Amino acid sequence: MSGKIIVITSGKGGVGKTTATACLGASLALLGKRVVVVDMDIGLRNLDVVMGLENRIVFNVVDAVKGKCKLAQAAIKDRRIDKLYLIPASQSDNKNALVPEDMVRFGEKLKQEFDYVLMDCPAGIERGFDNSVAAASEAVVICTPEVASVRDADRVIGLLYARSITPKLIVNRIVPHMVEKGDMLSHEDIVDVLSIDLIGLVEMDDQVVVSTNTGIPLVLQKDSRAGEAFKRIARRMDGNTDLPIQIPQTSGKFWKKIGTKFGLGR
């Protein structure tokens, strides 16, 4: 087995990157893939909370990289989804505990055990970013429809290209009625600025908060629009590129289209 290492990054914090990592990991595992998500935010950690695994941590990524434990000891198996594992970040070490060379060697081990390795990259473009991308061959950039987020994503995209990594884009937290009113950037505007391939669009969803607080995977919630979007994105990541990207729209716009089609609109 030789899996793929994909870094999930954003540049700017607070854009839903950790939730996206958890959802994509869970979705790929639901497709039957063996998946590990790795929290690379050394000194802080949140991926374990999002996945509801915070009470099961014994070892962390620093322990595994430094040989203080075996890979199998650090990788926590998810309780609800088969073939999904988490390697948490360390809260007691600082960001200099690891160097990119460490992660390249560790990445080779991970690729032998898993089909997909998703690196949850910390915010910023310093050591945490360097460690997260060191072993990666692919990247997914998470961006929200805000000018600051787009600007930071553009900076990160440049750094990824400099490392010969071609990124793909997810636009997160879209509010359709704001886009239609012109109060929020459209995904077309964002893609035009960033000039990278779009892999998916995710609507703003209150169920994200519920999922984070309860540890119940978002992709297992039947009424979650965001969860369904991430499942479609995972299928595209796994090679189903013919699957169309769904564009979040208001119900009013849908009925307006129907009315126009049947001659009911003005």
Side-chain angles (χ1 to χ4, degrees), residues 4-31 33 35-41 44-53 78 81 84-89 116-124 128-129 132-133 136 138-146 149-150 152-153 156-157 160 165 167-175 187 190 194 196-213 215-221 224-238 245-246 248:
K4 294 182 179 180
I5 299 181
I6 305 173
V7 62
I8 313 296
T9 185
S10 63
K12 185 180 185 296
V15 299
K17 176 173 49 55
T18 295
T19 297
T21 302
C23 288
L24 293 173
S27 298
L28 288 166
L30 288 172
L31 293 175
K33 308 300 179 180
V35 183
V36 64
V37 293
V38 185
D39 192 340
M40 292 298 297
D41 200 354
L44 299 169
R45 65 182 179 215
N46 289 305
L47 191 52
D48 56 308
V49 175
V50 172
M51 296 177 68
L53 299 174
D78 189 84
I81 300 175
L84 176 62
Y85 295 80
L86 161 72
I87 298 179
Y116 287 96
V117 180
L118 303 186
M119 297 285 187
D120 184 15
C121 181
F129 176 83
S132 299
V133 304
E138 300 180 23
V140 173
V141 175
I142 310 296
C143 178
T144 56
E146 304 166 11
S149 178
V150 175
D152 288 350
V156 165
I157 289 166
L160 290 168
I165 300 173
K168 291 183 170 57
L169 177 68
I170 293 175
V171 182
N172 195 25
R173 296 179 179 172
I174 298 170
V175 183
H187 71 274
I190 297 169
L194 298 180
I196 63 173
D197 288 340
L198 181 69
I199 196 171
L201 303 172
V202 183
E203 188 174 347
M204 181 75 82
D205 188 347
D206 292 342
Q207 290 298 319
V208 173
V209 177
V210 177
S211 174
T212 301
N213 288 336
I216 299 173
L218 190 66
V219 296
L220 294 183
Q221 298 184 24
S224 172
R225 298 182 303 277
E228 290 301 315
F230 280 118
K231 284 192 282 189
R232 291 176 65 85
I233 293 169
R235 289 168 62 189
R236 291 176 60 84
M237 290 173 63
D238 194 45
I245 295 174
Q246 287 190 336

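Not measured: the values here are computed from a predicted model.
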Student: To the nearest 0.5 Å, what is the distance between CD1 on I8 and CG on L118?
Tutor: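 One gets 5.0 Å once the value is rounded to the nearest 0.5 Å.
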
Student: Please find the pair of heavy atoms, one from I245 and one from I199, that lie closest to each other, and give the distance.
Tutor: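 The pair with the smallest heavy-atom distance is CD1-C, 4.0 Å.
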
Student: Quick one, S10 and D152 - any side-chain contact, counting heavy atoms below 4.5 Å?
Tutor: no

Student: For D39, give me all partners under side-chain hydrogen bond (donor to acceptor under 3.5 Å, both in side chains), at least two apart in sequence or on another chain.
Tutor: none

Student: Measure the OG-CZ distance between S27 and R232 for me, rounded to the nearest 0.5 Å.
Tutor: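 Reported to 0.5 Å precision, the distance equals 12.0 Å.
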
Student: So, using side-chain contact (heavy atoms from CB on, under 4.5 Å) as the criterion, who are the partners of Q207 when residues are at least two apart?
Tutor: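 Q207 satisfies side-chain contact (heavy atoms from CB on, under 4.5 Å) with D205, V210, L218, Q221, D223, S224 only.
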
Student: Using a 4.5 Å cut-off on heavy atoms from C-beta on, say whether the side chain of I157 contacts that of L194.
Tutor: yes

Student: So how far is it from L47 CG to M40 CE, rounded to the nearest 0.5 Å?
Tutor: 12.0 Å

Student: Before you tell me yes or no, could you show the steps for V219 and L30 under side chain to side chain contact (heavy atoms under 4.5 Å, CB included), namely the whole-Å CA-CA distance, both residues' side-chain angles and the distance that decides it to 0.1 Å?
Tutor: CA-CA 9 Å; V219 296; L30 288 172; 4.0 Å; yes

Student: Answer yes or no: are there more than 12 heavy-atom neighbours, outside D206 itself, under 6.0 Å from its atom CG?
Tutor: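 No, CG of D206 has 12 or fewer neighbouring heavy atoms, counting only those of other groups under 6.0 Å.
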
Student: Quick one: side-chain hydrogen bond (donor to acceptor under 3.5 Å, both in side chains) partners of S149, sequence neighbours excluded?
Tutor: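 Applying side-chain hydrogen bond (donor to acceptor under 3.5 Å, both in side chains) to S149 gives T144.
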
Student: Within this structure, what is the CG-OG1 distance for the pair N46 and T21, rounded to the nearest 0.5 Å?
Tutor: 11.5 Å

Student: How many angstroms lie between CE in M237 and CG in L24, if you round to the nearest 0.5 Å?
Tutor: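 Output value for this atom pair is 5.0 Å.
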
Student: Looking at V35 and A29, what are the two nearest heavy atoms and their distance?
Tutor: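 Shortest heavy-atom contact: CG2-N, 3.7 Å.
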
Student: Is there side-chain contact between I196 and K168, with heavy atoms separated by less than 4.5 Å?
Tutor: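 SC-SC contact between I196 and K168 ruled out.
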
Student: Can you name the residues that form a salt bridge (charged side-chain N to carboxylate O under 4.0 Å, His left out) with K33, not counting sequence neighbours?
Tutor: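 With neighbours one apart ignored, the set is D238.
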
Student: Does a side-chain heavy-atom distance below 4.5 Å link C143 with N172?
Tutor: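 Heavy-atom side-chain distance check fails, nothing below 4.5 Å.
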
Student: Please check if any side-chain donor atom of D120 sits under 3.5 Å from a side-chain acceptor atom of T18, or the reverse.
Tutor: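 T18 and D120 do have a side-chain donor-acceptor pair below 3.5 Å.
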
Student: What are the two closest heavy atoms between A26 and I81, and how far apart are they?
Tutor: CB-CD1, 3.4 Å

Student: Does V117 reach the side chain of Y85, with side-chain heavy atoms less than 4.5 Å apart?
Tutor: no

Student: Could you work out, with side-chain hydrogen bond (donor to acceptor under 3.5 Å, both in side chains) as the rule, every residue matching E228, not counting sequence neighbours?
Tutor: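 K231.
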
Student: Hey, are the side chains of L86 and D48 touching, using non-hydrogen atoms and a 4.5 Å cut-off?
Tutor: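 L86 reaches D48 side chain to side chain.
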
Student: Using 0.5 Å steps for rounding, measure from the CD1 atom of I170 to the CG atom of L198.
Tutor: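 That separation rounds to 8.5 Å.
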
Student: Look only at the side chain of S132 and the backbone of M119, and say whether a donor-acceptor pair between them is shorter than 3.5 Å.
Tutor: no

Student: If the condition is side-chain hydrogen bond (donor to acceptor under 3.5 Å, both in side chains), which residues does R235 pass it with, not counting sequence neighbours?
Tutor: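 Partners of R235 by the side-chain hydrogen bond (donor to acceptor under 3.5 Å, both in side chains) criterion come out as none, since no residue qualifies.
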
Student: Which heavy atom in M51 sits nearest to a heavy atom in V37, and how many Å separate them?
Tutor: SD-CG2, 3.5 Å

Student: Would a 4.5 Å heavy-atom cut-off, applied to side chains only, mark V202 and I233 as touching?
Tutor: yes

Student: Which pair of non-hydrogen atoms, one from A234 and one from L28, has the smallest distance, and what is that distance?
Tutor: O-CD2, 3.6 Å

Student: Keeping K17 on the side-chain end and I142 on the backbone end, is there a donor-acceptor pair under 3.5 Å?
Tutor: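 Absent.
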
Student: Taking all non-hydrogen atoms of both residues, which atom of I6 and which atom of Y116 are closest, and how far apart?
Tutor: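 Closest approach of I6 to Y116, heavy atoms only: CD1-CD2, 3.9 Å.
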
Student: Do P167 and V140 have side chains that get closer than 4.5 Å, going by heavy atoms?
Tutor: no

